[in-house]
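Order of the sequence lines fixes the chain letters, A, B, ..., with proteins taken first and strands second; residue numbering starts at 1 for each chain. Quick note: numbers below take in every heavy atom, side chains included, and nothing from hydrogens, waters or symmetry partners.
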Amino acid sequence: MKKYITTPIYYTNGAPHIGHAYTTILADVFKKFEQMKGNDVFFSTGTDEHGQKNQHTCEAAGLPIDVFLEKQSGLFQAVFDRMGIDYDYFVRTSGEPHKEVVRSILTDLYDRGMIIKKSYEGLYCEGCEQFKKESDLDENGLCPDHKKAPKLILEENYFFRLEPYREWLREYIQLHPDWIKPQNYAKEVLKMLEEPLDDLCISRPKSRVWLGIELPFDKDFVTYIWFDALINYISTLKFGSNPDFNSYWANSYHLLAKDILKPHCIYWPIMLKAIGIEPVGKCIVHGYWIGEGGVKMSKSLGNVVDPNEVIDMMGVEPLRFYLINAMSISSDSPISISLLKQGYKQLANALGNLQMRVIKMVDKNLQGEIPSDVSLLAEDMEVLESVSKSFADVYKKDIDLETAIELSDCIMQACNKLNMYFANNEPWGLVKDETKMERFKQVVYTTLDALRLIATAIYPLMPNVAHSILKSLSADNEKLTAEFNPKALGVGKVIVPDPLFPYLG
RNA sequence: CGCGGGGUAGAGCAGUCCGGUAGCUUGCCAGGCUCAUAACCUGGAGGUCGUGAGGUUCAAAUCCCACCCCCGCAACCA
């Protein structure tokens with residue numbers, strides 16, 4: 001089956017932060033998860049390179065626009081590459097293939113009378129370069145940021161009407177309870193849809209914003225950034241010319257943070273409907289990463305977690321694991337260096353140490369030979385079967401925040417279970433008694449085989465760790481799949497590995 | 001009274017829909033073990049479950065009511 005996974009395209013005005021890293025890692029985890037189930041996954045990410053803020057930052061930097069955008073977009077590509085993100089396509093909205101699709105959609109909607117020109121009157125603050133609502137102003141009617149009175153100006157613009165589709169969208173959401181996940185966000189969108197929707201202004205006069213896609217039917221305007229950016233999801237799939245478009249789109253997943261719920265769950269489905277495409281398969285919404293103690297991350301507080309610094313300290317994969325495991329489904333989640341270290345230590349102790357203790361034991365006492373032809377006791381089989389089953393159950397689920405968290409949880413549980421099993425059976429005692437060698441081999445085999453299952457299950461979260469463990473078990477020769485069969489470890493020799501998670505100090 | 005989410009041991013969370021001895025990870029203390037990465041196993045201390053000498057109930061973290069605090073959305077700023 002074909003599947004399509006997208007991240008939002010990131011605004012190039014700033015540098016990549018932990019939130020960008022999270023959404024993109026989540027998408028990468030989902031891709032690998034689906035690939036293990038045998039699905040053909042197309043994963044896209046990219047950068048959003050238009051709009052007023054980019055324009056300003058570029059002007060302040062004194063760079064030619066293409067140089068500026070290349071540089072900013074490169075920051076995102078660099079960190080994603082460093083994190084080993086296996087994206088299939090990196091879209092840049094400044095690229096011609098994307099612009100062409102946007103223009104053809106605009107032309108089509110305009111020709112069909114769905115885009116209309118009208119005048120807009122509002123209070124405009126020249127400092128903010130934005131229209132203000134009365135409620136945005138302070139008690140004296142001044143802009144709170146610039147302490148200046150906004151001007152009443154009249155401006156012509158192009159608008160796309162949302163209201164005719166409001167009822168349809170409400171019904172769609174009610175009929176598809178899994179369309180927006182977690183469901184509390186669906187509830188929030190339904191609330192937004194209780195009131196009539198204003199027309200969406202989809203143009204900006206070039207006198208204010210020049211960095212954008214020129215309207216094909218009026219050269220004095222560029223396209224509003226959201227109208228442009230959302231279309232990346234279909235321009236990436238080469239809408240209009242790709243014969244596989246429908247099969248990817250039918251199983252598509254948009255990942256997004258909660259701040260961009262409205263564009264993705266109101267503007268976008270309505271735009272799609274108007275274009276003649278069914279809504280995206282599923283929207284997976286997540287919260288924010290905040291500082292420890294629930295305070296917002298800020299440079300002045302010194303609690304900003306920079307993905308590059310974390311990677312320097314502990315490597316990519318512990319960061320991946322932490323981000324997946326620690327994000328709460330229904331609320332924002334804290335992150336800090338000390339919390340990350342805590343997560344790292346858990347991996348080192350429960351998983352890294354488990355691998356090392358059993359492998360060194362086999363290396364020393366069995367000349368590294370993995371025991372073959374062992375007939376396990378019922379209690380051994382129970383361990384392997386319960387671990388297999390917990391993994392198989394998770395892999396049956398559709399991708400979701402819950403699924404990702406559950407996967408990471410059940411891996412930790414399996415590690416804990418194995419450490420306990422190992423300790424209870426005291427193989428270091430068995431090996432000293434000739435008459436107990438058979439039992440020794442059973443215990444060791446069970447632990448090694450469980451480790452193989454854990455390594456397989458952990459692949460989407462920590463691909464290199466998965467391969468390292470399998471390699472140490474001489475089991476790295478097959479393609480990883482979501483099949484978890486107990487007692488399937490082949491013959492061979494173990495290889496004593498370097499520690500997966502060295503002591504951090 | 002705009003909308004949504006959250007407030008449970010020092011920290012991070014689960015439990016709340018379907019009321020019934022308050023759980024998990026981490027940190028701290030003690031013991032054990034010794035195969036292993038300052039690891040592993042066992043036990044312990046630590047909580048008036050935001051507030052209300054509120055309501056319902058034999059019984060409330062969980063259901064109802066009121067209030068307080070934090071976060072996000074309330075826009076032509078992603």
Answer yes or no: is there an ion pair linking Glu188(A) with Lys191(A), defined by an N-O contact shorter than 4.0 Å? no
Met356(A) side-chain proximity, nearest of A11(B), C35(B), U37(B): U37(B)
What's the closest nucleotide to the side chain of Asp259(A) if the choices are U25(B), C35(B), A78(B)? A78(B)
Using atom names, set out every protein N or O paired with an N or O of nucleotides 4-6 of chain B below 3.5 Å, distance rounded to 0.1 Å.
unit_1: G4(B); atom_1: O2'; unit_2: Glu188(A); atom_2: OE1; d: 3.2
unit_1: G5(B); atom_1: OP1; unit_2: Lys187(A); atom_2: NZ; d: 3.2
unit_1: G5(B); atom_1: O2'; unit_2: Ser330(A); atom_2: O; d: 2.5

When the C1' atoms of G20(B) and G54(B) are considered, how many whole Å apart are they? 22 Å
Counting the atoms with a prime plus P, OP1 and OP2 as sugar-phosphate, which does Leu200(A) contact under 4.0 Å by heavy atoms, base, sugar-phosphate, or nothing? nothing
Look at the aromatic rings of Phe217(A) and Tyr110(A) and report parallel, tilted or perpendicular, splitting at 30° and 60°. parallel
Starting from the C-alpha separation in whole Å, work towards a yes-or-no answer on salt bridge (charged side-chain N to carboxylate O under 4.0 Å, His left out) for Asp363(A) and Lys360(A). CA-CA 5 Å; Asp363(A) 184 58; Lys360(A) 282 197 177 171; over 6 Å; no
Does OP1 or OP2 of U25(B) have a side-chain N or O of Lys345(A) closer than 4.0 Å? no
Sorted by chain and residue number, the ring pair (Phe, Tyr, Trp, His ring centres under 6.0 Å) partners of Phe221(A) (sequence neighbours excluded) come out as Tyr158(A)
Sugar-phosphate only, base, or nothing, as touched by Tyr10(A) at under 4.0 Å among non-hydrogen atoms: nothing
Could you measure between the two P atoms, the one in G52(B) and the one in U62(B), and give it in whole Å? 13 Å
Among U37(B), A75(B), C41(B), the one nearest any side-chain atom of Phe501(A) is U37(B)
Base, sugar-phosphate alone, or nothing: which one does Tyr503(A) contact when heavy atoms must sit under 4.0 Å apart? base
To the side chain of Ala348(A), which of G12(B), U37(B), C77(B) is closest? U37(B)
From the list A78(B), C40(B), A75(B), which nucleotide is the closest neighbour of the side chain of Asp48(A)? A78(B)
Just need the stems in RNA chain B: three or more back-to-back Watson-Crick or G-U pairs, each with both distances under 3.5 angstrom, sorted by first number. B:2-7 with B:68-73, B:10-13 with B:23-26, B:28-32 with B:40-44, B:50-52 with B:65-67
With under 30° as parallel and over 60° as perpendicular, where do the rings of Tyr10(A) and Phe76(A) fit, or are they tilted in between? parallel
For the P atoms, the ones on A66(B) and on G55(B), what distance do you get once it is rounded to whole angstrom? 15 Å
P atom, A9(B) versus U51(B): distance in rounded Å? 10 Å
C18(B) and C76(B): how far apart are their C1' atoms, nearest whole angstrom? 47 Å
Nearest nucleotide by nearest heavy atom, which residue falls closer to the 5' end of RNA chain B, Asn416(A) or Gly352(A)? Gly352(A)
d(CD, Glu426(A); C1', G32(B)) in whole Å: 10 Å
Just to be sure I understand the rule, does Lys341(A) reach a base, reach only the sugar-phosphate, or reach nothing, if contact means heavy atoms closer than 4.0 Å? nothing
Same-atom distance (P) from C13(B) to G72(B), integer angstrom: 16 Å
Is any NZ, NE, NH1 or NH2 atom of the basic residue among Asp199(A) and Arg161(A) found under 4.0 Å from an Asp or Glu carboxylate oxygen of the other? yes
Name the nucleic acid region contacted by Thr12(A), choosing base, sugar-phosphate or nothing; use a 4.0 angstrom heavy-atom cut-off, strictly under. nothing
Spacing of the P atoms in A22(B) and C49(B) (rounded, Å): 11 Å
Looking only at side-chain N and O atoms, does Tyr421(A) come under 4.0 Å of OP1 or OP2 in C41(B)? no
Would you say Lys360(A) reaches U37(B)'s phosphate, i.e. side-chain N/O to OP1/OP2 under 4.0 Å? yes
With the side chain defined as heavy atoms from C-beta on, Glu155(A) is closest, among C76(B), U25(B), C13(B), to C76(B)
Ser472(A) versus Gln355(A), side-chain donor and acceptor atoms under 3.5 Å: yes
Nearest listed nucleotide, side chain of Trp428(A), among A78(B), C35(B), U37(B): C35(B)
Between Ser338(A) and Pro502(A), which has a closest nucleotide on RNA chain B that is more 5'? Ser338(A)
Check: Asn54(A)/Thr12(A) side-chain N/O donor and acceptor closer than 3.5 Å: yes
With ring centroids as reference points, do Trp289(A) and Tyr22(A) lie under 6.0 angstrom apart? yes
Hey, does the side-chain of Arg208(A) have a donor or acceptor N/O within less than 3.5 Å of a partner on the base of C76(B)? yes
How far apart are the C-alpha atoms of Lys99(A) and Glu49(A), what are their side-chain angles, what is the distance that settles it, and do they pass the salt bridge (charged side-chain N to carboxylate O under 4.0 Å, His left out) test? CA-CA 12 Å; Lys99(A) 290 182 181 175; Glu49(A) 308 186 7; over 6 Å; no
So, is Arg204(A) close to the C77(B) phosphate, meaning a side-chain N or O under 4.0 Å from OP1 or OP2? yes
For nucleotides G44(B) and U48(B), find the distance between their C1' atoms and express it as a whole number of Å. 22 Å
Could you work out which one of U37(B), U25(B), C35(B) sits closest to the side chain of Leu500(A)? U37(B)
Ring centre gap for His50(A) and Phe227(A) strictly below 6.0 Å: no
What integer distance in Å separates His56(A):NE2 from A78(B):P? 11 Å
Round to a whole Å and report the spacing from CG of Leu340(A) to P of C13(B). 13 Å
I would like to know whether Arg166(A) and Glu195(A) meet salt bridge (charged side-chain N to carboxylate O under 4.0 Å, His left out); could you show each step before the answer? CA-CA 9 Å; Arg166(A) 181 162 65 98; Glu195(A) 298 292 319; over 6 Å; no
Using the side-chain heavy atoms of Met420(A), tell me which of these nucleotides is nearest: A78(B), C35(B), U42(B). U42(B)
